[in-house]
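Working notes, beginning with the structure itself.
Chain A is the first sequence line, chain B the second, and so forth, proteins listed ahead of strands; every chain is numbered from 1.
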Amino acid sequence: MNEQKTTIPEVFLSPYNPAEHEEKLYKMWEESGFFNPDVCIEKGVTTPDAEIFSIVMPPPNANASLHAGHALFVTIEDIMIRYARMQGKRTVWFPGSDHAGFETQAVYERHLQKEGRSRFDMTGEELRSEIWDFVQTNKAIMENQVRSLGASCDWTRELFTLDERVIKIVHNTFKKLEEDELLYRGARIVNWCPKHQTSFSNLEVEHEDRNDKFYYFQYGPFVIGTARPETKFGDKYVVMHPNDERYKEYKHGQQIDLEWINGPITATVIKDEAGDPEIGTGVMTITPWHSGVDFAIAKRHDLDFEQIIDWRGKLLPIAGEFAGQDIKTAREQIVAKLKEKGLLVKIDENYQHSVPCCYRCGREIEPQIKDQWFVSMKPLAEKALHALDDKRFAFMTDRDERVFRHWLENIEDWPIARQIAWGIPIPAKICTQCEHGMVDLDDSIKTCTKCGGDVIQDPDTFDTWFSSGQWPLATTSYPNGDDFKTYYPTSVMETGKDIIFFWVARMIMLGLYRTGEMPFKTIYLHGMVRDKKGLKMSKSKGNVIAPSEIQEKYGTDALRMGLIVNNVPGADMNLDSDKVNAYKKFANKIWNIARFTLDSITDMSSDAVLNTSDNENIENNLRVQIVAITKDMDSNRFDLAAEKAYHFVWDYFASTLIEESKTLLASTDSNIKQSRQRLLSEYLISALKILHPFMPFITEAIWQEIPKEMKDADILMVAKWPK
RNA sequence: GCGAGAUUAGCUCAGCUGGUAGAGCGUCCGCAUGACAUGCGGAAGGUCACAGGUUCAAGCCCUGUAUCUCGCACCA
């Protein structure tokens with residue numbers, strides 16, 4: 001120990017203990033007001049005309065604790081924000097939380113189920129009110145977890161997706177879509193989940209590959225094939241390709257009497273190009289109410305529509321003796337009856353197909369016809385494609401751009417209503433007589449504008465993604481807010497690649513639609529966080545890693561480093577606690593570097609002159625590292641920047657510089673000694689700054705122990721990025 | 001069916017515009033050395049999936065093959 005002086009603060013005498021510092025430091029940051037750019041301007045940390053850097057946080061669902069994916073996005077975005085702030089940019093990060101309509105309701109329904117209750121025994125109002133309370137509690141927990149991760153977002157600008165401001169924008173968009181004739185209400189095929197009793201967009205439907213039986217039945221003179229005999233009761237149209245030579249004797253519109261499941265029927269021949277001669281026998285019957293393809297054929301030829309299966313998945317009276325049966329149990333019995341009647345030709349036991357399922361419960365989706373609000377997406381998608389062509393925004397990686405483009409070029413209209421209580425109500429009236437729907441923002445419509453009949457409030461709510469798609473508008477207070485004028489378009493949209501269509505594409509389309517401008521300039525999509533073996537985390541596998549547990553065990557800084565190093569933008573990454581532990585050790589290393597450095601410095605004045613070799617060291621070593629790391633930061637390669645910083649600090653600063661300093665500091669030549677002290681001081685200051693975006697807590701904890709004369713700011717968070 | 005990505009040390013993965021392979025963990029040997037044993041010094045371990053090609057030079061570029069993963073779409 002150096003006998004001359006003992007300025008070393010006592011905290012350094014024991015290893016770095018994250019739990020001791022993190023909460024206090026976050027409180028200090030939050031109370032300093034520097035998360036808020038207005039305060040930064042007021043206190044001279046940044047200037048009003050400084051370059052703008054803004055991010056809208058993907059609002060976590062207010063229905064559960066944070067998972068590893070949240071920890072990843074908070075880390076990446078906080079790195080961006082802290083880096084920008086240290087560069088003196090006018091920086092803001094808009095936090096928020098999402099009511100997550102269907103998701104939250106589904107979570108809450110499970111709670112109800114545990115209590116032996118069901119939402120179907122409650123009014124929408126009761127359900128809404130209970131979920132509201134549930135969400136308030138979870139929202140607070142979630143926000144504190146975001147804080148614990150070190151997120152330097154501006155809480156004074158926080159927003160919830162059910163706040164008035166959001167609802168107003170969403171309602172106005174709905175109205176504008178109607179005025180621009182981009183909104184229509186019509187009876188179309190929807191993806192209906194018989195369990196959740198709501199419709200979904202195509203994005204919410206998952207396809208499960210299955211091996212099922214495929215049945216061939218005699219249908220008059222034809223043999224038809226189907227995997228779903230239970231839908232066939234109403235089939236009275238037989239479709240084939242117009243050019244199929246095998247069936248040229250049959251004419252379009254020709255009627256044929258034949259025996260079918262429940263007795264004789266009259267079938268009509270339809271020639272349509274949707275009939276693929278290559279599949280099965282080239283002949284099919286159609287069920288327009290329960291199939292999108294069949295629906296389209298029926299529309300083209302103005303055919304009848306009949307519902308066979310009810311909203312709960314049970315057969316309707318058209319099924320005769322099978323009415324009331326659940327379709328899952330009815331199938332075999334129907335086949336048995338057809339066999340009895342001699343109409344079963346054969347069964348292919350090994351038919352491979354993929355079945356649409358509810359992404360949440362896995363139950364088979366039943367296509368149904370339902371009157372729904374749809375948004376015409378093609379005009380909106382074209383605007384987005386033009387913006388992409390004009391390079392008004394860019395993806396970090398080309399592959400994201402290709403995927404995005406492909407989706408937009410093949411976009412389908414968007415059903416935006418959900419039959420659930422938890423969400424933003426659709427401001428519309430529905431006629432009880434003619435089903436006509438009327439947009440009504442101010443509750444002024446009392447009778448049907450079409451038939452004069454009675455109207456009721458539309459009981460549905462918006463698809464969560466319809467409101468989330470307007471999130472950048474809401475957070476910045478479109479259209480008149482100062483934030484909108486200052487921070488829109490935002491600099492970067494950073495979110496998971498799994499929601500590129502759900503969210504990113506919708507924000508782009510709706511943002512362009514409302515403002516004519518892109519909601520953001522750069523899109524950074526991160527991959528999924530998996531467990532240490534690369535498996536998807538799931539409760540059933542028991543491999544879910546809760547960020548809070550990792551934080552407690554290794555510290556938040558270590559978690560952040562574990563999430564960022566080696567994590568290539570867009571690629572999935574594996575979270576391994578051994579890796580996080582390595583960064584816990586690194587945190588302790590930094591701690592001891594600071595201890596050694598501060599202990600070595602006897603003279604705090606910065607006027608010590610660097611000797612030639614130390615000066616060269618700064619120029620050829622420190623500066624070079626800073627430039628390299630800054631370059632990685634500027635290209636959003638935080639994985640590389642973090643790794644460089646790690647090696648620079650450990651392998652050079654600690655292993656080389658400090659080791660050689662031990663002899664130099666003992667020199668009797670005061671110039672050598674003082675020069676060395678100043679060199680170490682510069683290294684420490686720079687290292688802390690470089691590491692701060694990645695490891696904000698420990699770097700700030702050390703910064704707070706550094707004598708004022710040595711530093712350019714009281715709080716590291718607002719110190720200047722080194723050059 | 002359309003499209004994308006992956007294949008590098010025992011494990012999990014980096015390697016940015018081509019120049020004799022890197023990290024973490026693990027393994028082996030040694031060590032109290034003005035901070036740190038959450039440490040220090042050292043070592044072993046890779047024909048960079050395979051086959052061709054371009055180049056003075058290829059893990060990196062081109063062609064093909066194999067295996068795996070993911071996304072989208074369709075299904076009578």
Just how far, in rounded Å, is [atom2] of [N] from [atom1] of [X]?
{"X": "A/Ile702", "N": "B/C36", "atom1": "CD1", "atom2": "P", "result": "15 Å"}
{"X": "A/His207", "N": "B/A73", "atom1": "NE2", "atom2": "C1'", "result": "8 Å"}
{"X": "A/Lys497", "N": "B/G71", "atom1": "NZ", "atom2": "P", "result": "9 Å"}
{"X": "A/Leu598", "N": "B/A35", "atom1": "CG", "atom2": "P", "result": "15 Å"}
{"X": "A/His406", "N": "B/G3", "atom1": "NE2", "atom2": "P", "result": "9 Å"}
{"X": "A/Glu660", "N": "B/A35", "atom1": "CD", "atom2": "P", "result": "16 Å"}
{"X": "A/Phe653", "N": "B/C36", "atom1": "CZ", "atom2": "C1'", "result": "13 Å"}
{"X": "A/Asn592", "N": "B/G39", "atom1": "CG", "atom2": "C1'", "result": "9 Å"}

Which nucleotide in the list [options] gets nearest to the side chain of [X]?
{"X": "A/His647", "options": "B/G39, B/A23, B/G15", "answer": "B/A23"}
{"X": "A/Ala582", "options": "B/A4, B/C74, B/G24", "answer": "B/G24"}
{"X": "A/Arg637", "options": "B/C16, B/G22, B/C25", "answer": "B/C16"}
{"X": "A/Arg595", "options": "B/A14, B/C40, B/A35", "answer": "B/A35"}
{"X": "A/Tyr646", "options": "B/C74, B/U38, B/G24", "answer": "B/G24"}
{"X": "A/Lys584", "options": "B/G24, B/C25, B/U38", "answer": "B/U38"}
{"X": "A/Asn202", "options": "B/U38, B/A73, B/C13", "answer": "B/A73"}
{"X": "A/Ile658", "options": "B/C74, B/G24, B/A35", "answer": "B/A35"}
{"X": "A/Asp578", "options": "B/A35, B/C25, B/G22", "answer": "B/C25"}
{"X": "A/Val568", "options": "B/C40, B/C36, B/G15", "answer": "B/G15"}

**Position toward the 5' end of RNA chain B (nearest nucleotide), A/Val205 or A/Asn581** = A/Asn581
**Request:** Please figure out whether A/Lys579 or A/Gly292 has its closest RNA chain B nucleotide nearer the 5' end.
**Result:** A/Lys579
Would you classify [X] as touching base, sugar-phosphate or nothing, given that sugar-phosphate means primed atoms plus P, OP1 and OP2, and contacts are heavy atoms under 4.0 Å?
{"X": "A/Ala274", "answer": "base"}
{"X": "A/Tyr16", "answer": "nothing"}
{"X": "A/Asp276", "answer": "base"}
{"X": "A/Leu665", "answer": "base"}
{"X": "A/Gly275", "answer": "base"}
{"X": "A/Ala594", "answer": "nothing"}
{"X": "A/Phe12", "answer": "nothing"}
{"X": "A/Ala587", "answer": "nothing"}
{"X": "A/Arg228", "answer": "nothing"}
{"X": "A/Ile224", "answer": "nothing"}

When the [atom1] atoms of [M] and [N] are compared, how many Å lie between them, rounded to an integer?
{"N": "B/C13", "M": "B/G18", "atom1": "C1'", "answer": "22 Å"}
{"N": "B/A44", "M": "B/G30", "atom1": "C1'", "answer": "15 Å"}
{"N": "B/U27", "M": "B/A4", "atom1": "P", "answer": "43 Å"}
{"N": "B/A14", "M": "B/A51", "atom1": "C1'", "answer": "27 Å"}
{"N": "B/C40", "M": "B/U33", "atom1": "C1'", "answer": "8 Å"}
{"N": "B/U17", "M": "B/A6", "atom1": "P", "answer": "12 Å"}

Looking at [X] and [Y], would you say the former's side chain and the latter's main chain have a donor-acceptor pair under 3.5 Å?
{"X": "A/Lys711", "Y": "A/Trp703", "result": "yes"}
{"X": "A/Tyr219", "Y": "A/Asp235", "result": "yes"}
{"X": "A/Ser600", "Y": "A/Phe596", "result": "yes"}
{"X": "A/Asp632", "Y": "A/Arg637", "result": "no"}
{"X": "A/Asp572", "Y": "A/Met528", "result": "yes"}
{"X": "A/Ser681", "Y": "A/Gln677", "result": "no"}

**Request:** Would you verify whether the NZ or CZ of A/Arg506 falls within 45 degrees of the ring axis of A/Trp414 while also being under 6.0 Å from that six-membered ring's centre?
**Result:** yes
**Whether A/Phe217 and A/Trp260 hold their rings parallel, tilted or perpendicular, with breakpoints at 30° and 60°** = perpendicular
Does [X] make a side-chain donor-acceptor contact with the base of [N], cut-off 3.5 Å?
{"X": "A/Glu401", "N": "B/A4", "result": "no"}
{"X": "A/Lys589", "N": "B/C36", "result": "yes"}
{"X": "A/Ser354", "N": "B/C74", "result": "yes"}

**Prompt:** Hey, is the side chain of A/Asn574 poking within less than 4.0 Å of OP1 or OP2 on B/C13, counting only N and O atoms?
**Reply:** yes
**Asked** Is the shortest side-chain N/O distance from A/Trp650 to OP1 or OP2 of B/C40 below 4.0 Å?
**Response** yes
**Fill in**
For RNA chain B, consecutive-pair runs of 3 or more (Watson-Crick or G-U wobble, both H-bond-type distances under 3.5 Å) give B:1-7 with B:66-72, B:10-13 with B:22-25, B:27-31 with B:39-43, B:49-53 with B:61-65
**Message:** Run A/Asn350 and A/Asn211 through side-chain hydrogen bond (donor to acceptor under 3.5 Å, both in side chains) and show every step you take.
**Reply:** CA-CA 6 Å; A/Asn350 195 26; A/Asn211 267 7; 2.8 Å; yes
**Asked** Would A/Val223 and A/Gln218 satisfy side-chain contact (heavy atoms from CB on, under 4.5 Å), going step by step from the backbone distance to the final call?
**Response** CA-CA 5 Å; A/Val223 173; A/Gln218 195 68 44; 3.5 Å; yes
**Asked** side chain to side chain donor-acceptor pair (under 3.5 Å) with A/Glu364: which of A/Arg210, A/Lys328, A/Arg228?
**Response** A/Arg210
